[in-house]
Protein chains: 2
Amino acid sequence: MSSHIPIGRKVTLNDIAAGCGVSRATVSLVLRGSPLVNKLTRARVEEELRRQGYVYNRAAANLRRRTSTSIALVLNDLANPFFAEFAAGVDEALAAAGFVTLLGCTGESPAREQAVLGSLLEHGPAGIILSPAEHSRAADVLAAVGRRAPLLLFNRELGGALPEFAHWDQLMLDNQHGARLATEHLLERGHRRIAFFGGHHDSSSCRQRHAGYAEAMRGAGLRTEPHWRIECAPTRLDAAHHTPALFAGAFAPTAAVCYNDAVALGLMLGLNQRGLRPGHDFALTGFDDIAEAALGMPPLTTLSAAPRERGGQAAELVLERLQQPQAASRQTVAPVRLIVRESSCPPPIT
Amino acid sequence: MSSHIPIGRKVTLNDIAAGCGVSRATVSLVLRGSPLVNKLTRARVEEELRRQGYVYNRAAANLRRRTSTSIALVLNDLANPFFAEFAAGVDEALAAAGFVTLLGCTGESPAREQAVLGSLLEHGPAGIILSPAEHSRAADVLAAVGRRAPLLLFNRELGGALPEFAHWDQLMLDNQHGARLATEHLLERGHRRIAFFGGHHDSSSCRQRHAGYAEAMRGAGLRTEPHWRIECAPTRLDAAHHTPALFAGAFAPTAAVCYNDAVALGLMLGLNQRGLRPGHDFALTGFDDIAEAALGMPPLTTLSAAPRERGGQAAELVLERLQQPQAASRQTVAPVRLIVRESSCPPPIT
DNA sequence: AGCTAATTTTGGATCGTTCCAAACCGGTAA
DNA sequence: TTACCGGTTTGGAACGATCCAAAATTAGCT
């Protein structure tokens with residue numbers, strides 16, 4: 001009568017079956033809501049399930065059915081708010097579909113990525129969502145994963161040639177289009193001398209963003225100066241450091257499309273140090289829409305990739321792939337949205 | 001000879017055994033590095049494992065051994081950088097111990113918390129780390145979890161009476177001591193009229209932080225004014241909104257201990273709007289040391305709970321509990337560290 | 001060779017579930 | 001009486017690993 005809390009060993013189908021004089025198979029049918037069982041037996045069994053506090057053992061069921069209800073989520077950096085949001089989106093969508101998330105973090109190390117993939121695979125996930133570590137190679141990922149689970153690549157491309165039969169799905173951000181939007185926005189505001197600031201040339205996202213910028217400039221019939229493209233690490237500090245390079249040559253730019261928000265915030269610092277007021281004397285845009293972007297001084301015009309929605313989308317893509325294991329691989333490019341704030345002012349009147 | 005990628009169904013112990021003319025049991029011994037097997041057979045089996053690209057099926061092993069190699073991590077809000085860091089720390093420590101993280105997010109909803117716990121339990125985790133949703137009740141958590149896995153509560157207390165036999169471990173932050181440190185720091189700087197700003201009175205962490213503040217004020221022989229305690233939602237926006245209340249009465253404070261960093265950053269905005277320069281005309285401290293704290297204008301004096309380390313610690317605690325299921329439950333209080341930055345200036349000379 | 005001791009190997013039972021073919025049961029038609 | 005019919009129920013063999021007692025092999029010593 002009192003609330004019954006199980007104490008000893010785990011309750012199994014056999015215990016329930018014995019408890020209400022019915023066979024194991026029948027209890028199993030009840031659990032899965034089969035229409036075969038008689039109403040009365042069902043009620044009796046359900047009562048007993050409750051009474052004994054039965055918990056379904058999905059591992060055993062999955063073993064027998066040769067199925068899986070987990071998806072591995074392997075991230076390069078969970079501490080990064082962008083990926084944390086993404087993970088939250090993935091988990092939410094997976095949970096809604098009755099799946100469970102197996103988490104793994106690689107900390108940007110390809111070696112740990114290998115270890116993590118190996119360990120997670122032993123738990124037999126139905127699929128894998130992977131945001132690769134920097135410099136992770138396609139061949140290594142293939143060796144670890146093989147054909148054991150469908151893989152969705154998120155956010156980054158893998159290094160090295162992709163073996164022709166590895167039909168991996170991809171979900172990438174529209175870096176190129178995003179950067180073009182930002183550049184066109186600055187052009188509309190009246191800027192003509194626009195720089196592309198920050199990022200490493202060997203990162204695929206940086207190349208794509210620069211391509212979008214170049215496309216917009218070409219589209220407006222504008223030439224660019226070599227010193228309008230500054231390479232630096234995608235951190236605030238390094239960006240602040242490299243600010244003077246922007247003004248080293250003739251034709252100093254009046255605006256900059258930055259590789260990402262961190263770089264843009266760093267550039268703001270650097271501008272302040274030169275006595276330039278970002279958002280007044282110099283315009284700039286970021287990429288990612290991190291939390292600080294909205295609260296900067298001034299608030300930063302940037303591109304939002306809606307990481308939470310991307311997470312949901314990634315989950316959907318993997319789940320769809322489970323339905324259609326043989327379908328052709330899909331390369332999805334997620335749109336990004338321009339968020340206009342005060343940092344993208346018109347050029348100062350000269 | 002060419003790199004062999006498995007194509008058809010999964011490779012099992014039987015396949016390996018058949019493949020090199022030895023019994024299933026022997027292969028199992030090899031896998032687990034038993035000293036019983038002969039060197040030569042071991043080599044032969046290992047070669048075959050490699051050749052067929054065998055992947056250990058941990059679910060099957062766990063079923064037979066009645067063990068588990070996963071830990072459930074249930075968080076109220078993964079999008080919050082504090083918890084994201086925490087999760088990264090948990091995952092890192094678990095991975096190092098050969099465990100895998102089962103992730104679940106509740107989005108601050110007790111109902112979803114119930115669902116998530118139920119779903120994760122079906123996968124038979126060896127233990128659970130739970131940062132409860134707001135207003136989650138002890139009785140409900142107990143009903144969901146029972147004795148099926150040891151539970152570690154992180155960061156928050158549960159509502160309602162804790163049934164006497166639920167020996168849950170706890171890992172909490174030293175909110176009270178932290179707030180006292182911040183208050184004493186402001187006192188040392190010369191402040192006498194110090195407010196406690198933000199947070200909801202019904203949250204346990206807010207109560208604890210306020211207690212630390214009150215303790216320090218009492219310790220310095222200072223009385224506090226009623227309007228020095230302002231309640232507001234722990235968000236930037238609401239904090240900015242409530243700023244005027246601080247200056248509504250006589251004896252306006254010259255400094256404020258804020259409930260957390262978000263509130264402190266909001267208060268900075270509110271101060272700016274009143275023409276007060278935070279860090280010059282008014283001192284303030286935060287709590288959490290989020291990324292923005294170091295980069296605010298001015299940088300924010302705050303308390304760091306080192307969320308990543310706390311994650312590692314939480315993992316350790318659960319793993320220790322697995323070793324000693326019967327040991328008395330542990331209530332751990334993690335220290336917090338005062339990070340002094342520019343926002344905690346001395347009071348203006350009057 | 002003969003016998004014991006030490007070293008390796010192995011067949012079956014088992015974990016908790018699902019699948020499947022067969023059995024059961026009360027009723028109706030032949 | 002037998003055959004046959006839905007509608008229900010069931011025993012036993014899987015799934016892929018581990019455990020255990022017993023068997024097979026090898027070594028050591030008269």
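Chain naming here is simple, since letters A, B, ... match the order of the sequence lines and numbering starts at 1 in each.
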Colleague: Measure CG/Leu40(A) against C1'/dT9(D) and give the value in whole Å, please.
Modeller: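 For the pair Leu40(A) CG and dT9(D) C1', the rounded distance is 14 Å.
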
Colleague: Between dG16(C), dT8(D), dT18(C), which nucleotide has the shortest distance from any of its atoms to the side chain of Leu63(B)?
Modeller: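 Selected nucleotide: dG16(C).
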
Colleague: Quick one: on DNA chain C, does Leu29(B) or Ala61(A) contact a more 5' nucleotide (nearest heavy atom)?
Modeller: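 Result of the comparison: Leu29(B).
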
Colleague: Return the value, rounded to whole Å, for the distance between atom CG of Asn57(A) and atom P of dT18(C).
Modeller: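 From Asn57(A) CG to dT18(C) P: 9 Å.
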
Colleague: Strictly below 4.0 Å, N to O, side chains only: are Arg44(A) and Glu47(A) in salt-bridge contact?
Modeller: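 Salt bridge flag = no for Glu47(A) with Arg44(A).
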
Colleague: Under 3.5 Å, is there any donor-acceptor pair linking the side chain of Arg64(B) to the base of dT14(C)?
Modeller: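 In this structure, the two groups form a donor-acceptor pair.
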
Colleague: Quick one, Leu117(A) and Glu113(A) - any side-chain contact, counting heavy atoms below 4.5 Å?
Modeller: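 In short, these two side chains touch, coming nearer than 4.5 Å.
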
Colleague: Measuring from the side chain of Ser23(B) (C-beta onward, heavy atoms only), which nucleotide among dC15(D), dT10(C), dT8(D) has the closest atom?
Modeller: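 The closest nucleotide is dT10(C).
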
Colleague: Could you check how far NZ of Lys39(B) sits from C1' of dT26(D), rounded to whole Å?
Modeller: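 It is 17 Å, rounded to the nearest whole Å.
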
Colleague: Please state whether the phosphate of dT18(C), meaning OP1 or OP2, lies under 4.0 angstrom from any side-chain nitrogen or oxygen of Ser28(A).
Modeller: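 True: Ser28(A) side-chain N/O within range (under 4.0 Å) of dT18(C) OP1/OP2.
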
Colleague: Could you check how far CG of Leu36(A) sits from P of dT10(D), rounded to whole Å?
Modeller: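 Spelled out: CG on Leu36(A) to P on dT10(D) is 13 Å.
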
Colleague: Should Asp169(A) and Leu153(A) count as side-chain neighbours, where that means a heavy-atom distance under 4.5 Å?
Modeller: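 Side chain of Asp169(A) against side chain of Leu153(A), heavy atoms only: no contact under 4.5 Å found.
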
Colleague: Over all strands shown, is Arg58(A) touching base, sugar-phosphate only, or nothing at heavy-atom distances under 4.0 angstrom?
Modeller: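 No contact.
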
Colleague: Is the phosphate of dT8(D), meaning OP1 or OP2, less than 4.0 Å from a side-chain N or O of Thr41(A)?
Modeller: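 Answer no for this pair, as no side-chain N or O of Thr41(A) is under 4.0 Å from OP1 or OP2.
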
Colleague: Does Glu92(B) come within less than 4.0 Å of Arg112(A), counting only side-chain N to carboxylate O?
Modeller: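 Judged by the 4.0 Å cut-off on N to carboxylate O distance, Glu92(B) and Arg112(A) do form a salt bridge.
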
Colleague: Of the candidate nucleotides dT9(C), dT10(D), dA17(D), which contains the atom at the shortest distance from the side chain of Tyr56(B)?
Modeller: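 Taking heavy atoms from C-beta onward, the closest nucleotide is dA17(D).
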
Colleague: Measure from the side chain of Arg24(A), starting at C-beta and using heavy atoms only, and say which of dT17(C), dT10(C), dT18(D) lies closest.
Modeller: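 It is dT17(C).
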
Colleague: Taking Asp91(B) for its side chain and Ala87(B) for its backbone only, find out whether a donor-acceptor pair lies under 3.5 Å.
Modeller: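 Here the side-chain-to-backbone pair does not exist.
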
Colleague: Where the side chain of Arg65(A) is concerned, which of dT10(D), dT18(C), dG16(D) is the nearest nucleotide?
Modeller: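 Closest of the options to the side chain of Arg65(A): dT18(C).
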
Colleague: Could you check how far CZ of Arg44(A) sits from C1' of dT8(D), rounded to whole Å?
Modeller: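 After rounding, the reported distance stands at 12 Å.
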
Colleague: When you get a sec, tell me which of dT17(C), dT9(C), dT8(D) is the closest nucleotide to the side chain of Leu13(A)?
Modeller: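 The closest nucleotide is dT17(C).
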
Colleague: Would you call Arg156(A) and Glu108(A) a salt bridge, taking side-chain N to carboxylate O under 4.0 Å as the test?
Modeller: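 Glu108(A) and Arg156(A): salt-bridged.
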
Colleague: Using a cut-off of strictly less than 4.0 Å, decide whether Arg32(B) has a side-chain nitrogen or oxygen near OP1 or OP2 of dT18(D).
Modeller: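 For Arg32(B), the contact criterion (side-chain N or O under 4.0 Å from OP1 or OP2 of dT18(D)) is met.
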
Colleague: Is any side-chain N or O of Thr12(A) closer than 4.0 Å to OP1 or OP2 of dG16(C)?
Modeller: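 Answer no for this pair, as no side-chain N or O of Thr12(A) is under 4.0 Å from OP1 or OP2.
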
Colleague: Regarding Ala25(A), tell me which of base, sugar-phosphate or nothing describes its non-hydrogen contacts under 4.0 Å with the strands shown.
Modeller: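 The answer is base, as Ala25(A) lies within the cut-off (heavy atoms under 4.0 Å) of a base atom.
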
Colleague: Expressed in angstrom and rounded to an integer, what is the separation of Tyr54(B) atom OH from dG16(D) atom P?
Modeller: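 From Tyr54(B) OH to dG16(D) P: 10 Å.
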
Colleague: When the distance from CG of Asn38(A) to P of dC24(C) is rounded to whole Å, what number comes out?
Modeller: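 About 19 Å, once rounded to whole Å.
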
Colleague: What is the distance, to the nearest angstrom, from the CG atom on Leu31(B) to the P atom on dG16(D)?
Modeller: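 To the nearest whole Å, that distance equals 15 Å.
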
